[in-house]
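Side chains included, hydrogens not; waters and symmetry mates left out as well; all remaining heavy atoms used.
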Amino acid sequence: MRSIRRLTSCIFGVRCERAVKAERWRWVALPSCRLSDDTRRAIGAFHVSVALLSLAAIVTPAIAAAPPSGLSTVVISAATFPQPLAQALPSVSVLTRVQIEQSDVKNLSTLLQRIAGVQITSNGGPGHTATPYLEGFGGTDAGVLILLDGVPLTAEDASGGGDYLENLTTDQIERIEVIHGNVSAIYGSGAIGGVILITTRDGGRKSRAALSLTAGSRNTVTASANASGEIDHTRLQVGVSRYTTAGIPSINPVESAFVTSNSTDGYHNLTANGSLAQELGHHQQLGVRAFLSDGRYSYDNETAGGRTKQSLLQIFSENRVGAIWTSHLSLSRQRTENINLGSYPAMYRSTHLDVLWRNVIRISKAWTLTGGATHQHQSVTSAGQGNIPSVSRNVTAIFAGLNGSFAGNEIQLNMRHDQFDGYASTKNTFYVGYGRQLGLGFEAIASYSSAFNVPPLGYLYYSNPYWAANPLLKPESAHTVQTALQWSGGTNIVRATLFQTTGGDMWGFGTTPSGLTEFANIARTRTRGLELTARGSWGRWTYDANVTLQQPLAVSEPGDPTLQRLARSMANLSLEYDFRRFETGVLIHYTGPRPDVAYSASFAAIPVTLGSYTTVSLTADGPIGRTLRWSVRLENLLDKRYETAYSYNSVPFGVFVGLTWSPFGL
């Protein structure tokens, strides 16, 4: 808290103190603060954001008077029930189905990079290892929680926090919500840097169907079919998509001593999704949904590669209990299976059996109570040279929350109690959020929250002749402070958020007395930063922009170095314009320099710096009559060559053309 107060004082250049004789508060100018160059840039950006927010207040009447281009964005993740994005106290980013289709991006890991604070490191092209980071956490510390239809995708092997995100494509995804900052009090273990919530497509009352084909560079072809509708109070949805690409050479042979072939590395994915929901009465629904993503990939040494399968089977019920109480009950099985080929063939299978009971009670128009319980059985097994014994554990949690408003004030309180087998102590987490309406669409927001992360089973029990199991590995812990200034008007939202997350007992690679490597609690980290976001529409323009300036530091190491592969600055600008007969868009992405490590042929570590880069992509799409729609995407228009992990290539310039047929109309 003292660091946040110091940073806030430096931002405004003054502090408020009490004048004893006058018995009133006064503003006192401060001398220059000793801050790093990155922090000074963050402060400058904050000053700019305040100026933009002030300008927004001036033009508020004009925006409010303009006819809305669509409904205001609604989010569910911030409080587990629907609310307008402008009313959510946690910082939330959203990608709707419309935005996903307009982007024409088929890989989820690529799509997520346009979200504020999200950084993806990749070991090659589509389908190859992609690791998400959010506000400085992710990777080995597994500090980003990924949920698929409310069920954790957490891999219980020792793969290192990516949860095989690279294996998910976008054709069967309805929406994505990302919460910035830790919210373990709502979602449990792993939500340190934030949460990525993925919702698959389901049925609606209106009959819809579409066949889509996209083809382009690197022999890339995507074909998909989707249909949904309602028959006698039964909602149905089914979808299937096939994605294939010849890919790119994953590894740069100039920078790696371990390449035996520089051939392209292909990827093939089959995704299927379906749901059925039966209305049993007024506001009573019983349903089932199923999801499968089956991907095959190859790597540079020709014999390497593998297969990843992720599946979800879920039975659910949605029930109205009286006029003010809604209840959700679900039973889910999520399974991730990864088969590695090559020199060290192995198979890992993670399984989560999950029971969730969640309730929302509308106490009044202004106040909402939430609560429930969950029980999960986690297990992992391996074969070949997987080197993880078949182990499992149970997790039980209860949670509650309160959201409300009064006299221009907004409050959100969440508490959660988790108990994991194998840990004597329980984990209690909380979220406290407060918002104050300032008028003219402005709101000041502050929050304080705690989080934890229990090690995946593979972190505890993986072993081989060079690696030791560590069943005594402790959970990670973290606290986040956020202060924000937000302006909203019509469909437009602008927000400036200062944040600080400190992590303790973070996982890293340690050494046993006998010289073996192991997962160990060796790190303390801290990320401070400023996040600027703006989204909305103006006439025929639609925009979504963000800037993240952060300091992700390893404070347990001498000199507080920047964490490996993490950038201190990132930015995205998405602009779309409707020409009525067709729409065009541009996406500009920037990532600053990052520290990394190269390895010599003798495995000696050599510090390197990955250079900053900017990519530009263009899109265009439009109708052909009532049932056809065309699309074009130019990816990496300037053919920028860059790396997100040392020695691994990224996708070059590409052209992709698509055609969609919707027999019931666009």
Q) Between D621 and R629, is the closest basic N to carboxylate O distance under 4.0 Å? A) yes
Q.
Between D596 and R565, does any side-chain N to carboxylate O distance fall below 4.0 Å?
A. yes
Q.
Quick check: closest heavy atoms across N167 and S293, and the distance to 0.1 Å?
A. O-OG, 2.6 Å
**Q.** Main-chain N/O of G592 paired to R594 side chain as donor or acceptor, under 3.5 Å
**A.** yes
Q. So, Q482 side chain and H180 main chain: donor-acceptor pair closer than 3.5 Å or not?
A. yes
Q. Do any N or O atoms from the side chain of N226 and from the backbone of A210 form a donor-acceptor pair under 3.5 angstrom?
A. no
**Q.** Side-chain donor-acceptor contact under 3.5 Å, N123 with S250
**A.** no
Q: Determine the interplanar angle of the F579 and F582 rings, folded into 0 to 90°, and report it as parallel if under 30°, tilted if 30 to 60°, perpendicular if over 60°.
A: parallel
(Q) Within the 3.5 Å criterion, strictly below it, is a donor on E531 or S91 matched to an acceptor on the partner's side chain? (A) yes
Q: Please answer whether the main-chain N or O of W538 pairs with a side-chain N or O of Y543 as donor and acceptor at a distance below 3.5 Å.
A: no
Q | Check: R235 and E279 side chains under 4.5 Å, non-hydrogen atoms | A | yes
Q: Would you check if there is a donor-acceptor pair between the side chains of S332 and Q314 at a distance under 3.5 Å?
A: yes
Q: Taking only Lys NZ, Arg NE, NH1 and NH2, and the carboxylate oxygens of Asp or Glu, determine whether R175 and E177 approach each other closer than 4.0 Å.
A: yes
Q. Side-chain donor-acceptor pair under 3.5 Å between Q113 and N572, yes or no?
A. no
Q: To the nearest 0.5 Å, tell me how far Q99 CD sits from R114 CZ.
A: 7.5 Å
Q: Assess the side chains of R218 and T220: does a donor N or O sit below 3.5 Å from an acceptor N or O?
A: no
(Q) I'd like to know whether N107 forms a side-chain contact (heavy atoms from CB on, under 4.5 Å) with Y243, so could you lay out the CA-CA distance, the side-chain angles of the two residues, the decisive distance to 0.1 Å, and finally the verdict. (A) CA-CA 9 Å; N107 304 100; Y243 174 87; 3.5 Å; yes
Q: Indicate yes or no for a side-chain donor-acceptor contact from E101 to the backbone of V98 under 3.5 Å, with no hydrogens or angles considered.
A: no
(Q) Within this structure, what is the CG-CD1 distance for the pair D149 and I198, rounded to the nearest 0.5 Å? (A) 9.0 Å
(Q) Quick one about T271 and N269 (side-chain donor to acceptor, distance below 3.5 Å, no hydrogens or angles considered), yes or no? (A) yes
Q) Counting N and O atoms only, with roles assigned by atom type, does the side chain of H352 sit under 3.5 Å from a partner on the main chain of V151, one being a donor and the other an acceptor? A) no
(Q) Please determine whether side-chain contact (heavy atoms from CB on, under 4.5 Å) holds for the pair V547 and Y590, giving the CA-CA distance in whole Å, both sets of side-chain angles, and the decisive distance to 0.1 Å. (A) CA-CA 9 Å; V547 175; Y590 167 80; over 6 Å; no
Q: Give me the ring orientation class for F316 and H328: parallel if the planes are under 30° apart, tilted from 30 to 60°, perpendicular past 60°.
A: parallel
Q: Nearest 0.5 Å please: distance from the OG1 atom of T199 over to the CG atom of L147.
A: 9.5 Å
Q) What is the distance from atom CG of D171 to atom CG of N273, rounded to the nearest 0.5 Å? A) 11.0 Å
Q | OG1 on T308 to CD1 on I339, rounded to 0.5 Å | A | 8.5 Å
Q: Start with the C-alpha distance between T614 and L638, add both sets of side-chain angles, then the distance that settles side-chain contact (heavy atoms from CB on, under 4.5 Å), and finish with yes or no.
A: CA-CA 9 Å; T614 300; L638 305 180; over 6 Å; no
Q) What distance do S650 atom OG and Y613 atom OH have between them, rounded to the nearest 0.5 Å? A) 6.5 Å
Q) Do Y187 and T80 come close enough that some side-chain heavy atom pair is under 4.5 Å? A) yes
Q: Specify the closest pair of heavy atoms between R495 and A88, including all atoms of both residues, with the distance to one decimal.
A: NH1-O, 3.6 Å
(Q) I want to check something: taking the side chain as every heavy atom from C-beta on, are L532 and V494 in contact at a cut-off of under 4.5 Å? (A) no
Q. Okay, side chain of E255, backbone of S647: is any donor-acceptor separation there less than 3.5 Å?
A. yes
**Q.** Closest contact, heavy atoms only, T548 versus A116
**A.** OG1-C, 4.0 Å
Q) Got a sec: does the NE2 of H283 have more than 12 other heavy atoms crowding it under 6.0 Å? A) yes
Q: Examine distances only and state if a side-chain atom of R289 and a backbone atom of T200 form a donor-acceptor pair shorter than 3.5 Å.
A: no
Q: Please tell me if the side chains of I120 and T644 come closer than 4.5 Å, counting only heavy atoms from C-beta onward.
A: no
**Q.** Over all atoms of both residues, closest heavy-atom pair of H233 and E230
**A.** CA-OE2, 3.6 Å
Q: Kindly say whether G125 contributes a backbone atom to a donor-acceptor pair with the side chain of D265 at under 3.5 angstrom?
A: no
(Q) To check you understand the geometry: which heavy-atom pair defines the closest contact between D578 and R540, and what is its length? (A) O-CD, 3.0 Å
Q) So, Q172 side chain and A272 main chain: donor-acceptor pair closer than 3.5 Å or not? A) no
Q. Under 4.5 Å between any side-chain heavy atoms of L165 and L112, yes or no?
A. yes
**Q.** Within-4.5 Å side-chain heavy-atom neighbours: T660 and S662
**A.** yes
Q: For the pair Y648 and I251, evaluate side-chain contact (heavy atoms from CB on, under 4.5 Å) and give the outcome as yes or no after the intermediate values.
A: CA-CA 5 Å; Y648 288 96; I251 303 178; 3.7 Å; yes
Q) Is V238 close to L236 at the side-chain level, that is, under 4.5 Å between some pair of heavy atoms? A) no
Q. Would T121 and Q119 count as having a side-chain donor-acceptor pair, cut-off 3.5 Å?
A. no
**Q.** Lys NZ or Arg CZ of R633 over F656 ring: under 6.0 Å, within 45°
**A.** yes
Q | Non-hydrogen side-chain atoms of S122 and E166 separated by less than 4.5 Å | A | no
Q. For the residue pair D639 and F653, what are the closest heavy atoms and their distance?
A. OD1-N, 3.0 Å
